[in-house]
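Handing you a structure now.
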Amino acid sequence: MKDSREFFMRHAIALARRGMNEGHGGPFGAVVVRDHVIVGEGWNRVLSTNDPTAHGEICAIRDACSRIGSHILANCEIFTTGQPCPMCLGAIHWARISRIYYGFSIADAATIGFDDTEFFKQISLPPEQRLISSMEMLRGESLELVNEFAHLPHRITY
């Protein structure tokens with residue numbers, strides 16, 4: 001079991017290395033694994049796609065969901081070169097991935113300019129105290145959508 005986990009992490013490392021050397025983005029690669037089989041893989045493509053959400057984990061999750069044909073990755077694990085940022089951690093939770101293995105920490109990533117510390121801090125603050133302001137607007141009209149969704153006859157919850 002240990003050897004297979006190391007194999008998957010080494011595969012994530014190889015994806016990250018290839019992507020960063022080709023100028024796609026930072027040193028972040030990931031694989032999603034179910035039942036000891038890679039079902040999704042990705043690497044950071046922020047620069048090559050001009051997409052700030054194209055982190056390695058997000059790309060691997062998108063790939064796995066596409067291959068599996070579901071937005072739920074229950075009973076999957078993710079192997080990622082770097083400890084997930086808040087966005088990726090959120091996606092991992094939404095996908096219902098059961099375990100995360102990572103190579104280097106948030107603090108390690110900060111040494112090369114990928115400092116997620118402030119993002120984690122901002123998320124923990126009440127909305128009105130965050131650096132990027134947010135305010136509720138047209139709540140009543142927006143809540144109509146909640147009611148409409150709740151009454152859709154064939155809705156799928158996630």
Side-chain angles (χ1 to χ4, degrees), residues 1-125 130-132 134 145-146 149-150 152-158:
M1 177 71 105
K2 179 184 176 198
D3 290 338
S4 65
R5 288 192 306 252
E6 289 178 1
F7 170 81
F8 297 132
M9 182 59 82
R10 285 190 176 101
H11 189 70
I13 290 168
L15 290 169
R17 181 170 284 120
R18 185 181 81 204
M20 73 178 194
N21 286 333
E22 291 177 4
H24 295 199
F28 305 99
V31 295
V32 176
V33 175
R34 178 184 278 169
D35 297 326
H36 307 287
V37 175
I38 294 173
V39 295
E41 58 183 35
W43 56 92
N44 186 291
R45 297 179 188 149
V46 170
L47 299 177
S48 62
T49 63
N50 293 315
D51 178 355
T53 69
H55 289 200
E57 298 94 329
I58 300 291
C59 292
I61 289 168
R62 289 174 180 162
D63 186 42
C65 289
S66 177
R67 289 190 203 186
I68 289 174
S70 174
H71 62 281
I72 299 295
L73 299 176
N75 302 313
C76 289
E77 300 175 325
I78 191 164
F79 294 78
T80 178
T81 56
Q83 186 177 4
C85 73
M87 177 183 67
C88 293
L89 191 57
I92 289 165
H93 281 273
W94 273 110
R96 310 296 193 262
I97 292 173
S98 61
R99 179 166 288 165
I100 302 166
Y101 297 95
Y102 64 90
F104 55 82
S105 71
I106 297 287
D108 296 326
T111 66
I112 55 170
F114 297 96
D115 192 355
D116 296 333
T117 308
E118 183 61 29
F119 299 148
F120 280 106
K121 179 183 167 192
Q122 289 295 314
I123 288 169
S124 70
L125 295 172
R130 294 179 186 158
L131 189 60
I132 298 174
S134 62
L145 293 170
V146 173
F149 183 79
L152 285 176
H154 302 290
R155 74 180 164 105
I156 297 173
T157 57
Y158 53 97

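Each residue takes its place number in the sequence, starting with 1. Because the structure is a prediction, the values reported are computed rather than measured.
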Do Met87 and Ile58 touch side chain to side chain, with heavy atoms closer than 4.5 Å?
yes

Can you check whether Gly56's main-chain N or O pairs, donor with acceptor, with Arg45's side chain at less than 3.5 Å?
no

Nearest non-hydrogen partners of Arg5 and Phe79, listed with the distance
O-CE2, 3.5 Å

Restricting to non-hydrogen atoms, name the atom on Ile72 and the atom on Arg96 that form the minimum distance, rounded to 0.1 Å.
CD1-CG, 3.9 Å

Going through the distances and angles, do Tyr101 and Thr80 end up as a side-chain contact (heavy atoms from CB on, under 4.5 Å)?
CA-CA 6 Å; Tyr101 297 95; Thr80 178; over 6 Å; no

Does the side chain of Leu15 reach to within under 4.5 Å of the side chain of Ile13, using non-hydrogen atoms?
no

Under the salt bridge (Lys or Arg N to Asp or Glu O under 4.0 Å) rule, collect the residues that match up with Asp63, sequence neighbours excluded.
Arg67

At their closest point, which heavy atom of Arg34 faces which heavy atom of Cys76, and how far apart are they?
NE-SG, 3.4 Å

When you compare the side chains of Gln83 and Ser105, does any donor N or O come within less than 3.5 Å of an acceptor on the partner?
no

So, for His36 and Ser4, which heavy atoms are closest and what is the spacing to 0.1 Å?
ND1-OG, 4.0 Å

So do the side chains of Thr81 and Phe104 get within less than 4.5 Å of each other, counting heavy atoms only?
yes

Does Thr53 reach the side chain of Arg62, with side-chain heavy atoms less than 4.5 Å apart?
yes

Do Glu77 side-chain atoms and Arg99 backbone N/O form a donor-acceptor pair below 3.5 Å?
no

For a quick test of reading the model, state the closest non-hydrogen atom pair linking Gly42 to Cys59 and the distance between them.
CA-CB, 3.9 Å

Side chains of Pro84 and Ile92: closer than 4.5 Å at any heavy-atom pair?
yes

In residues 111-118, what donor-acceptor pairs under 3.5 Å come from side-chain atoms, sequence neighbours left out?
from	atom 1	to	atom 2	distance (Å)
Thr111	OG1	Asp108	O	2.6
Asp115	OD1	Thr117	N	3.0
Asp115	OD1	Thr117	OG1	2.7
Glu118	OE2	Gln122	NE2	2.5

Of Ser124, Pro86, Cys85, the residue whose pairing with Phe119 passes side chain to side chain contact (heavy atoms under 4.5 Å, CB included):
Pro86

Enumerate, atom names and distances included, each donor-acceptor pair closer than 3.5 Å involving a side-chain atom of residues 18-29, sequence neighbours excluded.
from	atom 1	to	atom 2	distance (Å)
Asn21	ND2	Arg17	O	3.2
Glu22	OE1	His24	NE2	3.4
His24	ND1	Trp43	NE1	2.9

Between Ala30 and Ala60 the two heavy atoms that sit nearest each other are O-CB, 3.6 Å

Heavy-atom count around Phe8 CZ within 6.0 Å, excluding the residue itself: above 12?
yes

Are Leu73 and Ile68 close enough that some pair of their side-chain heavy atoms sits under 4.5 Å apart?
yes

Ile97 and Ile61, any side-chain heavy atoms less than 4.5 Å apart:
yes

Does any part of the side chain of Leu89, heavy atoms only, come nearer than 4.5 Å to the side chain of Ile100, both counted from C-beta?
yes

